[in-house]
*Asks:* 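After the C-alpha cells below, expect a handful of questions from me.
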Amino acid sequence: MEEIMALSYQSTRGGQKGLTASQAILQGLAADGGLFMPTEIPKLDLSLEELAPMSYQETAYQVMKLFLTDYTEEELRSCIQKAYDAKFDTEEIAPLVKAGGVYYLELFHGKTIAFKDMALSILPHLMTTAAKKNQVDQEIVILTATSGDTGKAAMAGFADVPGTRIIVFYPKNGVSPVQELQMRTQKGDNTAVVAIEGNFDDAQTGVKKLFGDEEFKARLAERGFQFSSANSINIGRLIPQIVYYVYAWAKLFENREIAAGEEINVAVPTGNFGNILAAYFAKKMGIPIGKLICASNDNKVLYDFFATGTYDKNREFILTKSPSMDILISSNLERLIYLSAGCDSQEDADLMAQLSSQGRYQVTPQMRKNMEDFWGGFADWEEDAGEIRRVFSDTGYLMDTHTAVASAVYRKYVKETGDSRKTVVASTASPYKFARSVMEAIAGNQDGKDEFALIDEMSALSATPVPEAVEEIRSAPIRHNRECSPDQMKEEVASILGIS
C-alpha cells in the first residue's frame, strides 16, 4: 500500500514535481507548458476474474483509486456516483455491440452523445472536490479548445456548478451543424462559447498561450479567478477514460467472448491522442491488450509519425467529415513521447521546443521501439463512407464518421498483418451527431436537405429513436453568439469575466 500512496504527479518537461492528483487536476496544464504524468502507472490490485462481474461504477472506482490517491474512498465514490447515473441512457454506461465480428464499444450514451461524456461527466466533481481539498477560494475558470465534442460535454458537465466558469473556443465552420447547435444553445449562467476564425489547432494553441501568460494570470488572480482545463491535457480527463477499456475487456470475458488472459486489440479514431493513450494505460495496468490501432483521417500526422518516427505538423490542414479528428498538434502524444524516452523530461522538453520552433521533431530509434504497441493507419472520406455503408448493409449497425475511420483502418490492419485477435473499436459518437455525412455515405448527395429532416430520415432508415440530446436542440434558442480571431482570445476572456 505504501507504493500506491507514494504516487505523485510531475510535468513531462520537468518543471514541476511532487503534486498530488487533486493539485494536478486543479492546475490542468503544468507551469512549464508540459502535461502532468503520474510517477508510475500502477498495476491493478485485483484479478481480472474479480473485475469481470463489476458494474461500470465499481470498475471506475477500482481503476481511479490507484491514480487519485489523495481522494478518500468516500470522495471518489461520491464523484463516480454523481457522474455515471441516469444521465446515461443505458445501465451499462459503455455497452459493447458485436457487428460483423467486431466489438463496437459505444461511448456515446451520455448527455451529449459523444465519448467526451465519459470523462467530462466526472471531471467537474473531481475538480470541485479538489478545490475543497486544497482550500481554493478563487473561482475556477475552465478554458477549453474543442474540435466539436469536448466543448459541449465540458459545458454540460460544468453548467451552473458553483465556483466555476467555463469558456469554450471552437473553430467556426470546423464542426458539424449539430455540434455547433449543441454548443450555441447551452444553458448555464457560467458558460460562454466563442467561435474563432481559424482551425482547432489555432484554438488549442491560443488556450495554451493563455495558460502560459503569467501577467494575465496575475490579473485574474487579483479578481478572484484561476485557470484550469477540461481538455484531455488535464490528467483528470485521461484517467476516467482508462476505465472503459478495463470494463470492455472484463465484459468480453464475463460474456465468454474471450478466454482468461486472452489479448484483444483496440482500434481508436484519433485526433488529440488522449483516447488511445488511455487504452495504453489500461494495458500497462495489466489488461491483456495487444496492438493499439491508431486511426487517422486525411489529417494523418499520427499515421506519418508512427510510420517514420518524425512528427511534422507543417502540412495543409484538411476539413473532413470526421471533424473531431481534424487536428495537427496531438497534445497527448507528448505523454507517450515522455514515456518512450524513459521519463526523461529534458528529452521531452527538447522535442517539444523543436515542435514549437520548427513544427517538427524526430524521435530516436529506441523511442520508436518503445512505441511498438501502436500501429498507425488512416482512411480518407471514400473509405470512411464505404465502411459506414458496408457495415450498415451487412449488419444493420449504423456508425458515425469517426467510428467508421477506426473500423476501416482496423480492416486494413488485419489485411496487412494477418492478426486475427478479437478487436474492440471505440465508437466515439452517435451517428445522429453527423447525420448529413452519414446519410451521404449511405444514400449519396444530401445537398439542400434540412439537417433535422436528415435526422428524421436516419431514424426511420435505422429504426432507432432520435437521441434526446438532438431533440432538445431542435427548437432551443441560440444563447451564444461570440466570435473572435485567435489573437483576440485574451481580450475575449477578459470581456467574458468582466476584467477591464
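Side-chain atoms are counted along with the backbone in the values below, which use heavy atoms only and exclude waters and symmetry mates.
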*Asks:* Return the minimal non-hydrogen interatomic distance between H125 and S121, and the atom names on each side.
*Replies:*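 Of all heavy-atom pairs spanning H125 and S121, the closest is CD2-O, 3.2 Å.
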*Asks:* Please determine whether the number of non-hydrogen atoms from other residues, nucleotides or ligands lying under 6.0 Å from atom NZ of K87 exceeds 12.
*Replies:*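 Enclosed.
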*Asks:* Let me see the working for E139 and R165 under salt bridge (Lys or Arg N to Asp or Glu O under 4.0 Å), right down to the final yes or no.
*Replies:* CA-CA 7 Å; E139 198 160 10; R165 301 269 195 107; 3.4 Å; yes
*Asks:* Taking the side chain from Y71 and the backbone from L126, do they hold a donor-acceptor pair closer than 3.5 Å?
*Replies:* yes
*Asks:* Do D487 and S485 have a side chain donor and acceptor closer than 3.5 Å?
*Replies:* yes
*Asks:* Where is the tightest heavy-atom contact between A159 and G188, given as atom of each residue plus distance?
*Replies:*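 Minimum heavy-atom separation between A159 and G188: CB-CA, 4.4 Å.
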*Asks:* In Å, rounded to the nearest 0.5 Å, how long is the span from CG of D312 to CG of L328?
*Replies:* 9.5 Å
*Asks:* Who passes ring pair (Phe, Tyr, Trp, His ring centres under 6.0 Å) against F211, sequence neighbours left out?
*Replies:*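 Ring pair (Phe, Tyr, Trp, His ring centres under 6.0 Å) list for F211, sorted by chain: F227.
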*Asks:* Report yes or no: is the cationic atom of K490 (NZ for Lys, CZ for Arg) under 6.0 Å from the centre of the six-membered ring of F216, at an angle within 45° of the ring normal?
*Replies:*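 Yes, a cation-pi geometry.
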*Asks:* Before giving the answer on side-chain contact (heavy atoms from CB on, under 4.5 Å), spell out for M64 and L68 the whole-Å C-alpha distance, their side-chain angles and the decisive distance to 0.1 Å.
*Replies:* CA-CA 6 Å; M64 293 168 68; L68 308 180; 3.9 Å; yes
*Asks:* Quick check: do I337 and M371 have side-chain heavy atoms less than 4.5 Å from each other?
*Replies:* yes
*Asks:* Quick one: do the S427 and T403 side chains pair a donor with an acceptor below 3.5 Å?
*Replies:* yes
*Asks:* So, does N234 use its side chain to make a donor-acceptor pair with the main chain of G236 at under 3.5 Å?
*Replies:* yes
*Asks:* Measuring only between side-chain heavy atoms, which start at C-beta, is I80 closer than 4.5 Å to Y56?
*Replies:*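 No - every pair of side-chain heavy atoms lies 4.5 Å or more apart.
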*Asks:* If the test is salt bridge (Lys or Arg N to Asp or Glu O under 4.0 Å), which one of E180, E197, E483 qualifies with K172?
*Replies:*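 Per the salt bridge (Lys or Arg N to Asp or Glu O under 4.0 Å) rule, the option paired with K172 is E483, out of E180, E197, E483.
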*Asks:* Taking only residues two or more places apart in sequence, or in another chain, which ones meet E471 in a salt bridge (Lys or Arg N to Asp or Glu O under 4.0 Å)?
*Replies:* R474
*Asks:* Indicate yes or no for a side-chain donor-acceptor contact from N231 to the backbone of I233 under 3.5 Å, with no hydrogens or angles considered.
*Replies:* no
*Asks:* Checking N134 side chain against A130 main chain: does a donor-acceptor pair fall under 3.5 Å?
*Replies:* yes
*Asks:* Should the heavy atoms of other residues, nucleotides or ligands under 6.0 Å from CD of E215 be counted, would the total exceed 12?
*Replies:*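 Yes, CD of E215 has more than 12 neighbouring heavy atoms, counting only those of other groups under 6.0 Å.
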*Asks:* Say whether, by atom type as modelled, one donor and one acceptor occur between the side chain of N314 and the main chain of Q358 under 3.5 angstrom.
*Replies:* yes
*Asks:* If you take the centroid of each ring, where Trp contributes its six-membered ring, are F374 and F273 closer together than 6.0 Å?
*Replies:* yes
*Asks:* Determine whether L105 and V425 make a side-chain contact, defined as any pair of heavy atoms from C-beta on separated by less than 4.5 Å.
*Replies:* no
*Asks:* So, D70 versus T20: side-chain donor-acceptor pair below 3.5 Å or not?
*Replies:*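 Judged by distance alone, the side chains do pair up.
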*Asks:* Are L26 and V136 close enough, and set up right, to give a side-chain contact (heavy atoms from CB on, under 4.5 Å), and what steps lead you there?
*Replies:* CA-CA 9 Å; L26 269 179; V136 170; 3.7 Å; yes
*Asks:* Using only atom types and a distance under 3.5 Å, with no angle test, would you say the side chain of D117 pairs donor to acceptor with the backbone of A153?
*Replies:* no
*Asks:* Is the count of non-hydrogen atoms from other residues, nucleotides or ligands lying under 6.0 Å from K284 atom NZ greater than 12?
*Replies:* no
*Asks:* Which heavy-atom pair separates S176 from F434 by the least distance, and what is that distance?
*Replies:*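 That would be CB-CD2, 3.7 Å.
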*Asks:* Looking at every non-hydrogen atom in both residues, tell me the closest pair between M118 and A94 and how far apart they are.
*Replies:* CE-CB, 3.9 Å
*Asks:* When the aromatic ring centroids of H402 and F115 are compared, is their separation below 6.0 Å?
*Replies:* no
*Asks:* Are more than 12 heavy atoms, taken from residues, nucleotides or ligands other than K208, located less than 6.0 Å from that residue's NZ atom?
*Replies:*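 Yes, because the 6.0 Å sphere around NZ of K208 holds more than 12 heavy atoms from other groups.
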*Asks:* For a quick check under 3.5 Å, do Q16 and Q27 share a side-chain donor-acceptor pair by atom type?
*Replies:* yes
*Asks:* Closer than 3.5 angstrom, by distance alone: can the side chain of R223 be matched with the main-chain N or O of G498 as a donor-acceptor pair?
*Replies:* yes
*Asks:* Could E75 and K133 be called an ion pair, given the rule that one side-chain N must be under 4.0 Å from one carboxylate O?
*Replies:*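 Yes, charged N to carboxylate O under 4.0 Å.
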*Asks:* Verify the distance criterion only: is there a donor paired with an acceptor across the side chains of E92 and T90 at less than 3.5 Å?
*Replies:*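 Side-chain D/A pair, E92 to T90: present.
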*Asks:* Do we see a donor-acceptor contact under 3.5 Å between the side chains of D350 and Q346?
*Replies:*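 Yes - a donor-acceptor pair under 3.5 Å links their side chains.
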*Asks:* Would a distance-only check, ignoring hydrogens and angles, find a side-chain to backbone donor-acceptor pair under 3.5 Å from S147 to M325?
*Replies:*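 Checking the backbone N and O of M325 against the side chain of S147, no donor-acceptor pair under 3.5 Å is found.
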*Asks:* Kindly determine whether N275 and N332 satisfy side-chain contact (heavy atoms from CB on, under 4.5 Å), including the steps that lead there.
*Replies:* CA-CA 9 Å; N275 200 356; N332 270 288; over 6 Å; no
*Asks:* Are D326 and N299 close enough that a side-chain donor and a side-chain acceptor fall under 3.5 Å?
*Replies:* yes
*Asks:* Flag the pair F378 / Y303 as yes when their ring centroid distance falls below 6.0 Å, and as no otherwise.
*Replies:* yes
*Asks:* Please check if the number of heavy atoms outside Q81 that lie under 6.0 Å from its CD is greater than 12.
*Replies:*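 No.
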*Asks:* Would F108 and T428 count as a side-chain contact (heavy atoms from CB on, under 4.5 Å) if you check the C-alpha gap in whole Å, the side-chain angles of each, and the deciding distance to 0.1 Å?
*Replies:* CA-CA 6 Å; F108 54 77; T428 53; over 6 Å; no
*Asks:* Can you see whether Y104 engages S407 through a side-chain donor-acceptor pair at a distance of less than 3.5 angstrom?
*Replies:*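 Indeed, the side chains of Y104 and S407 share at least one donor-acceptor pair under 3.5 Å.
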*Asks:* Would R315 and D304 count as a salt bridge (Lys or Arg N to Asp or Glu O under 4.0 Å) here? Give the steps.
*Replies:* CA-CA 12 Å; R315 62 183 72 204; D304 292 339; 2.7 Å; yes
*Asks:* Has S228 got a side-chain atom pairing as donor or acceptor with I25's backbone, closer than 3.5 angstrom?
*Replies:*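 At least one qualifying donor-acceptor pair exists.
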*Asks:* So, T401 versus K321: side-chain donor-acceptor pair below 3.5 Å or not?
*Replies:*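 Distance-only check fails for T401 and K321.
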*Asks:* Please list all pairs meeting ring pair (Phe, Tyr, Trp, His ring centres under 6.0 Å) that have one or both residues in residues 154-187, counting only residues at least two apart or in different chains.
*Replies:* none
*Asks:* Ignoring hydrogens and geometry beyond distance, is a side-chain donor-acceptor pair present between D298 and T320 at under 3.5 Å?
*Replies:*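 No, because no side-chain N or O of D298 sits under 3.5 Å from a partner of the opposite role on T320.
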*Asks:* Could you check whether D160 pairs with K187 (Lys NZ or Arg NE/NH1/NH2 to Asp/Glu carboxylate O, under 4.0 Å)?
*Replies:*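 Between K187 and D160 there is no salt bridge, as every charged N stays at least 4.0 Å from the carboxylate O atoms.
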*Asks:* Do you know the tightest heavy-atom contact between F36 and G28?
*Replies:* CD1-O, 3.9 Å
*Asks:* Between E214 and K217, is the salt bridge (Lys or Arg N to Asp or Glu O under 4.0 Å) condition met? List the steps.
*Replies:* CA-CA 5 Å; E214 296 303 326; K217 285 199 288 189; 3.5 Å; yes
*Asks:* Between Q186 and Q182, is any side-chain donor less than 3.5 angstrom from a side-chain acceptor?
*Replies:*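 Absent: no donor and acceptor within the cut-off.
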*Asks:* Can you find a heavy atom in the side chain of R219 that is under 4.5 Å from one in the side chain of I499?
*Replies:*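 SC-SC contact between R219 and I499 confirmed.
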*Asks:* If every non-hydrogen atom of T185 is compared with every non-hydrogen atom of P477, which pair is closest and at what distance?
*Replies:*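 Closest approach of T185 to P477: CG2-O, 3.5 Å.
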*Asks:* Verify the distance criterion only: is there a donor paired with an acceptor across the side chains of S330 and N272 at less than 3.5 Å?
*Replies:* no
*Asks:* With a 4.0 Å cut-off, would you call E334 and R13 a salt bridge?
*Replies:* yes
*Asks:* Is the backbone N or O of I140 less than 3.5 Å from a side-chain atom of T164, with the two atoms forming a donor-acceptor pair by type?
*Replies:* no
*Asks:* Please examine the side chains of F306 and R368, heavy atoms only from C-beta on, and report whether any two atoms are closer than 4.5 Å.
*Replies:* no
*Asks:* Check this for me, if you would: do K283 and D373 make a salt bridge, where the nitrogen-to-carboxylate-oxygen distance has to be below 4.0 angstrom?
*Replies:* yes
